[in-house]
Amino acid sequence: MFSPSFYQIAPVIAVCASLAAVPLIALSGSRPNLREFWTFLAAGVKFAMVFALAGWVLAGNVVEVELIRVLPELSIALRVDSFGMVFALVSSFLWMVAATYTIGYMRKLNEHAQTRFMVCFALSLCAAIGVAFSANLLTMYIFYEMLSLSTYPLVAHHQDKEGRAGARKYLAFLLGGSVGLVLPAMIVIFAITGTVNFADNINSGIIPADTGSTLVVILFFACLFGFAKNGIMPMHAWLPGAMVAPTPVSALLHAVAVVKVGVFCTIRVMLYVFGIDLMDDLNLGVITAYIVSFTIVTASIIALTKDNLKARLAYSTISQLSYIILGVALLAPAAIEGGIIHIANHAFSKITLFFCAGAIYVATHKKNISEMGGLGRVMPFTFGAFAVASLSMIGVPPVAGFITKWYLLVGALDAGQLGIILVLLASTLLNVAYFAPITYHAFFGKPPAGEVHGGGIKEAPLIMVLPILLAATISVILGFYPDIMMQFVKMVTS
Amino acid sequence: MIDQAPVFIVIIPLLAALLLVFATPLGPRFAYGMLVTALAATLAAALATLNLVVAANQAVHYRMGDWLPPHGIELVIDHLSGVVLVLVAGCALLTAIYSLRTAEQDNPDRLNQYYSLFALLVTGLLGMVASGDLFNLYVLLEISALSSYGLLARGGGQAYYATFKYLIVGTIGACFYLLGVGYIYIMTGSLNMADLAVILSRPELQESVSVKIGFTLIILGIWIKMALFPLHAWLPNAYSKAGTTTACLVAPLMTKVSVYIMLRMMFTVFSADYIFNQIAWSELVIYLASAAAVVGMLAALAQRDLRKMLTYIIVAEIGYMTGGAWLANAAGFTGTTYHILADGLMTLCLFMAVGAIIYRTGETTKAAMVGIFQKMPITAVVLVIGAASIIGVPPTCGFFSKWYLIQGAAQAGAWVFVAALLIASLVAAVIFFRLLEVAFFGDLDAAPAAPEDGHGQGHGPAVARAEAPLSMLIPMMISAAGLIVLGIYTREVVSYFISWSIPAGF
Amino acid sequence: MDELFPFIIAKYNYWASLILLFIGLYGMIAKNNLMKKIIGMIIFQTAILLFYVSIGVKQGASVPILFFSEDHQPLLEASAYANPLPHVLMLTAIVVGVGTLGVALAILQKIQRVHGTIEEDEILEDMRQ
Amino acid sequence: MKQLTLIILAACALIMLVAASELPDWADPASPASSHLSPGFIEQAYEATHTPNMVTAVLADYRSYDTMFETVVVFLAALIIMIILRRTPHRRFCKILPQRPQRKGSDTVLKGAAQMIIPVMQIFALYVLGHGHYSPGGGFQGGVIFGASFILLALCYNLRFTLTRFRERLVLLCCAGGALLYAGIGALCLSLGWNFLGYAALAEILGVSEAMARSHGILAVEVGVGITVMAVMVSIYYDLASGGDMYEGL
């Protein structure tokens with residue numbers, strides 16, 4: 001295909017494409033079309049690079065690039081492996097989709113400060129790919145922080161009191177977790193091992209076997225809760241607050257980039273720093289599994305009580321993220337595969353759901369589920385996609401979510417954790433309970449008293465509906481052809 | 001000629017200071033040009049000296065008046081002092097460039113005399129760093145102290161009382177130092193640092209109570225000078241009441257040079273072995289340093305005045321550096337020395353940015369921050385970079401100094417210090433976050449008081465662009481870029497300069 | 001008792017200067033009147049000067065200015081002269097002390113003008129308003 | 001609070017007084033201070049600098065770098081006091097000043113005494129300065145005496161009269177000028193290929209031996225010190241006595 005030297009540069013380009021677009025976007029603020037062109041160009045370049053790398057990785061290669069050696073034993077370096085590729089593929093692809101949608105949303109609502117919005121959007125994508133391609137903890141930490149900071153203006157976009165409160169909470173949790181827990185853990189790991197590079201496989205980890213078990217446990221939980229973007233309770237509180245952001249932000253960042261980065265970092269550390277063997281020795285897997293199980297069930301129950309659509313989706317996200325960590329924490333190969341594949345499956349389904357929420361808001365200015373009775377009949381595409389994505393969330397075949405549930409159940413059986421199986425079943429029921437009524441209500445319910453849906457309300461603009469349909473379709477495709485992603489995931493566990 | 005470079009570091013600013021008095025009739029612009037040129041030449045001399053040191057891979061000695069030490073006075077410049085000299089000269093140059101508008105604003109008359117004081121302060125600081133003689137150090141310490149009293153008192157109004165307190169406390173500090181040197185002199189008969197290091201390693205002096213008293217007095221004196229908690233009370237008032245240029249010059253450099261002097265005393269005159277085995281206060285000092293970091297940051301959090309807030313941050317940063325020096329391991333020492341550079345630069349960056357904001361808006365509280373991103377975008381970005389460095393966001397240099405400090409603390413098992421560093425970082429994050437929030441959202445809490453202009457949903461106040469003048473922007477941007485460059489080249493800085501200075505026994 | 005007396009005699013220079021030093025320090029820290037603080041500062045600095053100068057004294061030695069014998073030959077014997085170095089150092093320290101004193105007085109004049117008083121508590125009261 | 005300070009200070013004092021027992025005895029010729037560096041100074045200073053007064057030799061040659069900064073400290077003090085206290089821009093003020101009538105009063109005795117004493121003082125000051133090589137004295141002492149003569153003038157006549165004799169601007173230039181002379185001699189040595197303040201370099205110019213050149217160098221810097229100290233004394237007096245406005249004064 002390409003020469004090997006190309007693959008040395010490709011990760012750098014993939015990370016930096018959106019970074020390079022930042023000044024261009026900022027400078028063409030007065031010409032929206034040109035600005036949007038830069039966004040698309042960067043997205044295209046980024047996806048092309050990731051796609052090219054995907055083939056290379058699939059052929060069994062791992063690309064390592066050292067960018068800067070900051071300390072004698074410490075560098076900022078990129079590494080492209082199969083695990084990172086899963087996330088990179090998903091986020092770079094969805095950026096293009098989301099960019100399309102965003103433009104429609106922002107223009108339709110005539111939002112202010114669109115240039116700033118697009119700049120931060122690009123920055124956060126750079127950070128997300130950077131996290132995916134990090135070769136060591138330090139690089140990952142840097143990109144993680146960059147993501148937190150660059151999404152702050154997005155969350156605070158409305159610049160009102162509500163936005164300020166949400167954004168404050170957002171930054172407090174994220175920075176508190178990363179600076180207060182992850183950073184010291186990272187430095188202590190560095191002090192113990194002399195390196196922060198990730199291990200080559202998921203079994204051994206980098207922590208020496210003779211390290212005191214108390215210290216390891218402390219470090220492990222510092223990382224688990226420190227990457228607060230993963231939404232494990234009690235570090236989840238930022239997520240509902242951050243839903244004050246415009247919907248595309250919620251969609252991309254809080255269904256894909258931000259939360260997935262949190263989960264991705266957690267798994268990266270669990271598998272490549274601590275390693276399965278060490279976690280197994282200290283029984284960390286089981287403990288983690290029950291911690292996240294609590295999150296799964298509790299978040300689902302809270303989701304039931306929410307009437308605001310975005311809030312309900314937010315709690316659903318919290319619950320679904322914990323599936324991913326649950327899978328890995330079970331430490332059985334099938335479960336790990338199920339967990340990792342859920343990164344992709346959940347991303348496509350959840351972004352569909354958020355896009356739908358945004359489309360509904362743009363078309364009707366409605367945020368609450370109780371007001372959406374009968375809307376399905378005037379917005380059939382939107383609600384159709386919504387229904388498909390909900391099925392994926394619930395785990396109904398043939399939509400993508402089913403694959404996850406299947407692997408997770410198999411893994412739980414392998415690991416002999418019957419309690420976890422019960423949790424999975426319970427949460428599935430809860431998923432049904434909070435998703436099914438929305439669709440039902442929309443298609444078969446009645447509009448609220450005093451409102452007649454007629455000519456006043458119609459579908460959102462095409463530029464928004466298309467991404468919705470695309471994302472929903474891919475959810476279905478991933479259900480039929482899980483191998484698209486599974487081939488990478490299998491490489492992780494093999 | 002190139003081997004004369006060390007002396008030029010000191011005499012160029014000195015001669016400039018003296019000639020500036022003669023140049024009064026030539027007008028303010030000439031004085032400005034003269035100061036900037038002189039400091040640029042000083043920086044060049046400092047770089048040349050550093051180059052000499054690196055090329056020779058050993059300390060450069062310069063004998064004043066061709067007298068052999070220990071009878072004569074010598075300048076000794078090793079890797080560490082070479083880097084600190086470059087830092088001091090560089091910061092002074094940036095401040096000098098920056099001062100074009102503010103110095104004239106603060107000193108409509110007597111600009112030349114003000115600049116003369118400015119140059120003398122720089123002379124004193126550079127001389128302290130370069131000196132290899134304890135008493136010479138005292139003289140230069142007093143030069144820098146006296147000129148800083150003069151500069152700070154220029155603030156007028158409440159600055160006089162603040163400066164007076166600083167003068168009293170500073171004199172106590174300097175006199176403690178002098179008395180400590182007296183003790184050392186009585187017990188050894190020498191004043192030359194290298195000579196003393198040899199004499200003090202004798203077993204009978206290692207045990208001597210008088211030498212311990214001497215060391216205690218010297219260190220106490222330096223701690224007073226560098227405002228280590230709980231001896232810090234003089235600093236915030238003195239620095240925050242000063243004029244903008246003065247604050248930009250004094251705040252980043254005075255305390256940092258004092259930290260450097262502390263390192264010099266601890267590891268050059270005395271030895272790591274003496275400090276950590278004979279004196280053995282490490283634990284106490286680390287507790288003090290941790291308290292300094294946390295208390296300083298919390299006090300900064302409580303301030304409304306922007307500059308006062310920054311001065312409390314200095315108090316906290318002093319805690320970082322002191323703690324690192326007393327961790328008794330290589331990582332801690334590296335962290336401290338690297339943080340001298342990093343903190344000098346980031347304090348300068350923040351003071352310049354805040355100074356520019358105050359210059360443009362006339363406000364000194366956080367109300368000055370409203371709409372700053374629209375009004376002064378470049379200044380705002382500089383402020384953000386400086387803040388990121390204080391908080392410790394990679395890849396700014398503040399992150400890497402903290403990295404070393406935490407690594408050192410973890411190796412030494414000083415978990416209190418680790419916790420203090422993290423808490424201080426988080427508090428720093430809150431401090432700057434509040435400022436930037438005001439900048440981003442406008443003053444939402446104040447909005448109800450004036451509802452008529454709060455139409456819409458407070459979508460950021462529409463403000464006209466009023467960027468700081470170019471003479472302020474350029475040094476600000478250089479310092480902000482410096483923060484990132486220093487961060488990226490951490491490895492080079494550490495391996496080329498700092499690692500050479502790590503004391504034996506670590 | 002026989003030993004104590006020579007002991008006190010042998011160390012009295014340090015004791016005298018240290019006692020003076022602490023008197024001065026107390027004045028600098030505890031006095032409310034700023035002028036008295038300055039006076040404390042002078043006592044403090046002078047104590048250090050005395051401390052140093054007393055180091056230079058040597059039994060049976062003269063002032064450190066060279067003697068010439070009848071035939072204009074200098075008497076170059078270390079034991080004949082007091083140690084010149086402390087004198088040199090203290091010349092410098094005196095000058096520094098004078099400089100500090102002058103600056104302190106100038107600032108004090110300004111404080112008097114700004115706050116109308118040189119009592120510390122009244123100044124603080126004035127600043128609070 | 002005061003009691004607390006007292007107790008703490010008393011405790012420190014007690015510790016240090018007790019610890020002083022370890023210090024060498026008063027006037028002990030064998031103490032390190034008297035036996036390490038000092039013999040070197042005493043035995044070599046004359047040969048190297050041709051200056052019998054060892055204090056002068058050490059002050060202005062061995063440690064002349066210190067002394068240069070000492071001069072700068074003096075200059076600095078005057079500069080700071082001026083910058084803090086001085087209120088009217090001096091240029092305009094100096095123009096109006098000479099026209100102001102002198103104060104008339106019944107202080108004939110004072111004025112007469114001053115007229116007699118001041119010249120003597122000034123000559124004595126020059127002697128002290130110049131004779132610093134051979135007897136106690138030198139730039140600082142001479143400068144102080146010279147400065148005191150102007151202060152005496154101001155006390156016996158008045159400040160304005162003194163200002164006409166020794167303009168404020170000139171005072172400031174003298175403050176800087178003396179220090180500049182000192183640093184300039186150092187720089188001259190530098191330009192002759194020796195180290196900074198290596199007076200031996202002057203041997204070529206003056207055509208004397210290196211030791212003699214050092215002696216001359218000491219004299220030259222002492223003159224610089226004297227000028228600065230003299231001017232600084234006057235300047236500090238001007239500012240402090242008049243509170244910075246030069247109209248009033250003692």
Side-chain angles (χ1 to χ4, degrees), chain C residues 6-7 9-15 17-19 21-23 25-26 29-32 52 54-61 63-68 74 76-89 91-96 98-103 105-107 109-110 112-113, chain D residues 1-2 5-6 9-10 12-13 16-17 20-21 23-29 31 33-35 37-47 51-55 57-59 62-63 66-67 69-71 73-74 76-78 80-81 84-85 134-136 138 140 229 232 236 239-240 243-244:
Chain C
F7 176 74
I9 289 291
K11 312 287 179 196
Y12 87 95
N13 57 325
Y14 305 116
W15 292 23
S17 46
L18 284 176
I19 289 169
L21 183 125
F22 278 99
I23 292 172
L25 193 57
Y26 176 76
I29 296 172
K31 287 294 170 191
N32 188 37
Y52 264 87
S54 73
I55 306 170
V57 181
K58 223 189 284 181
Q59 196 91 50
V63 289
I65 297 174
L66 220 54
F67 286 119
F68 289 90
L76 291 171
E77 200 170 318
S79 63
Y81 304 103
N83 184 355
L85 192 55
H87 298 97
V88 172
L89 302 182
L91 250 168
T92 310
I94 289 170
V95 168
V96 169
V98 170
T100 317
L101 174 62
V103 173
L105 287 174
I107 295 176
Q109 282 199 0
K110 277 289 187 184
Q112 159 78 28
R113 248 179 244 165
Chain D
M1 193 62 205
K2 273 192 175 182
T5 319
L6 194 62
L9 287 181
C12 293
M16 287 178 70
L17 289 178
S21 63
L23 296 171
D25 287 353
W26 155 255
D28 177 12
S31 68
S34 300
S35 60
L37 290 186
S38 125
F41 286 128
I42 294 171
E43 283 158 11
Q44 292 154 18
Y46 183 69
E47 202 180 329
T51 307
N53 186 345
M54 294 154 211
V55 175
V58 176
L59 182 80
Y62 286 91
R63 300 189 71 87
D66 265 359
T67 310
F69 281 113
E70 194 182 339
T71 319
V73 168
V74 184
L76 194 52
I80 294 170
I81 293 170
I84 290 177
L85 283 180
Y134 303 97
S135 65
F140 288 99
V229 170
V232 166
I236 292 181
D239 287 318
L240 282 183

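All values derive from a computational prediction rather than experimental measurement. Naming: A, B, ... by sequence-line order, numbering from 1 per chain.
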Tell me, side chain or backbone of D/Ser34 under 4.5 Å from chain C's heavy atoms, or both, or neither?
-> both
D/Leu37 versus C/Leu85: any side-chain heavy-atom pair under 4.5 Å?
-> yes
Under 4.5 Å from a heavy atom of chain D, the part of C/Leu21 involved = neither
Are any of the side-chain heavy atoms of C/Ile19 and D/Leu17 separated by less than 4.5 Å?
-> yes
Judged by atom type as modelled, is there a donor-acceptor pair below 3.5 Å linking the side chain of C/Tyr14 to the main-chain atoms of D/Pro24?
-> yes
C/Lys11 (side chain) donor-acceptor with D/Trp26 (main chain) under 3.5 angstrom = no
Could you tell me whether the side chain of D/Asp28 reaches within less than 4.5 Å of the side chain of C/Gln59, counting heavy atoms only?
-> no
Could you tell me whether the side chain of C/Arg113 and the main chain of D/Gly243 form a donor-acceptor pair under 3.5 Å?
-> yes
Student check: side-chain heavy atoms of D/Tyr134 and C/Ile65 closer than 4.5 Å = no
Less than 6.0 Å separating the ring centroids of C/Tyr81 and D/Phe41?
-> no
Quick one: does C/Gln109's side chain have a donor or acceptor within less than 3.5 Å of a partner on D/Leu240's backbone?
-> yes
Find the one option among D/Leu6, D/Ile80, D/Asp239, D/Thr51 whose heavy-atom pairs under 4.5 Å with chain C are most numerous.
-> D/Leu6
